[in-house]
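See below for the structure under consideration.
Chain naming here is simple, since letters A, B, ... match the order of the sequence lines and numbering starts at 1 in each. Basis for what follows: all heavy atoms, side chains included, without hydrogens, waters or symmetry-related copies. Only a predicted model underlies this, so the values are computations on that prediction, with no experimental measurement involved.
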Amino acid sequence: MTALLLLPLLLPCALPALARRALGRLSPAVALWTVTGCAVLLAGCSLAALAVFLLIGLLRLPPFAALGELVHPLHTASAVLVVPAAVASAGALAGSGWTLVRSALRQGRAYRSARAQAARRPPAGDLCVVDSPRPDAYALPGRPHRVVVTTAMLRSLDGPEREALLAHERAHNAGGHHIALAAAELVAHCHPALRGVRATIRLAAERAADEAAAASVGDRRLTARAIARAALAGQAARSVRPGFAPGAATGPVPQRVEALLAAPRPPRPRAGGAVALLLAACTVLSCVASATATAEVHHRVEVAQGEESP
Amino acid sequence: MTDAKDERRPAGELEASVMAVLWAADAPRTPGQVQQSLGVDLARTTVTTILTRLHDKGVVDRRRQGRGYAYAPARDVPDAHGLTARRMHSELDRDGDRETVLARFVAQLSPDDERVLRDLLEADGR
């Protein structure tokens, strides 16, 4: 039973590699939602497993056993295993809960601040312009959706490139990508291995919006150029450069530009199907393992409560 | 001709495109100049209609120029606004989490990224 509960804690470790493969083989939009869905379910299962470990440990303590109306001792593995597992689970749950709440609050604050900034002047259509010397642009979800662009960004692009930029941000809003991005941020705090998935989900969202923008303006090279010029303009305006380790893997922006400049990939249904199947298998396995183990523990608690025979 | 296709786009999107041109320009623009800098193909009368609508909403200012008007984005007190915008920016910058809900157009580049990007742009012939 205890071994079964370890599965939901271990399976998330497979997700970062699988997610990168999925992005390489599925269409960006499909990869985005598949990976996000799997990450959320795996995070939920791992939290549930921790909660069950904690519950078992608590029910071995007399006060909690009395609270749970246990009339017989709970049948578990030896205390040597159960107590450290419960203590570790409590620590992990507390840590996750703390960072989760903090991250949710911080994101809420950043969102409200951006919303207030966008509301400073009447929009033209869905566009909010912020008069700022720093090139920046982002999609602002909400009712109604907005696209926020700084004057410096508008000035660093030509007319057709600006259309690609607007189409890209509109694709984020139309696709509801903020939901996937928020989910990616939250699951990253639920399990350390899921932190690696966050970058893949972000890249998938950008790639999905890039492809939508390219389709909307009808020109992949133009879209690629707009992204590259915007990124380089942003870099030129930044006085302090980020301290990246030399030789770090190529970042998301060149990957996006490269993908757009390359001819659209012919669909590879078999490779895509295989990776989707693996993702689904991982997730189902995790859900089944945590559900079975939880049901088993529940049964044993009822036995200890004298309501069921062993 | 793409003309008809762009004319049929939602009014909000066309307003956004026109507004983007005005903000990108450093001086007031006439409807004809706006039409030329647009990334979409619109008839000049359509551009004029959009500019008039934006003016009615108070989003743009206009002044007489020749027989028509030249348009520019309506600005609030420039200094005060510039300061507020900068303050908000630095506030948002402090929050590394900003990218998470707000999907940004471009992320920061590493020096390697910058080199790769320049190579890609050059290879593409620009």
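Residues Leu120(B) and Val257(A) have side chains in contact (heavy-atom distance under 4.5 Å, counting atoms from C-beta outward).
When heavy atoms are compared at a cutoff of 4.5 Å, Leu165(A) approaches chain B by way of both its backbone and its side chain. Using a 4.5 Å cut-off between heavy atoms, Ala25(B) touches chain A through its backbone atoms (N, CA, C, O) alone. Neither the backbone nor the side chain of Ala205(A) has a heavy atom closer than 4.5 Å to any heavy atom of chain B. The contact between Leu261(A) and chain B is made entirely by side chain atoms (from C-beta outward), counting heavy-atom distances below 4.5 Å. With a 4.5 angstrom heavy-atom cutoff, Ala184(A) does not touch chain B via any of its atoms.
Interatomic distance, CE of Met19(B) versus CG of Leu166(A), reported as 12.5 Å (0.5 Å rounding). Note that the CG atom of Leu232(A) and the CZ atom of Arg118(B) stand 4.5 Å from one another [nearest 0.5 Å]. A distance of 9.0 Å separates CD in Glu258(A) from CG in Leu117(B), rounded to the nearest 0.5 Å.
Nearest heavy atom pair, residue Arg162(A) against residue Ser37(B), reads NH2-O, 3.4 Å. In this structure, Ala24(B) and Arg155(A) approach most closely via the heavy-atom pair O-CG, 3.3 Å. Contact between Leu127(A) and Ala20(B) at its shortest, heavy atoms only, is CD2-N, 4.0 Å. Across every non-hydrogen atom of Pro123(A) and Val59(B), the tightest pair is O-CG2, 4.0 Å.
Ranked by heavy-atom pairs shorter than 4.5 Å toward chain A, the options Glu15(B), Gln36(B), Lys57(B), Glu13(B) are led by Glu13(B). Interface check for chain B: of the options Cys128(A), Ala124(A), Gly159(A), Pro160(A), the most heavy-atom pairs under 4.5 Å are formed by Ala124(A).
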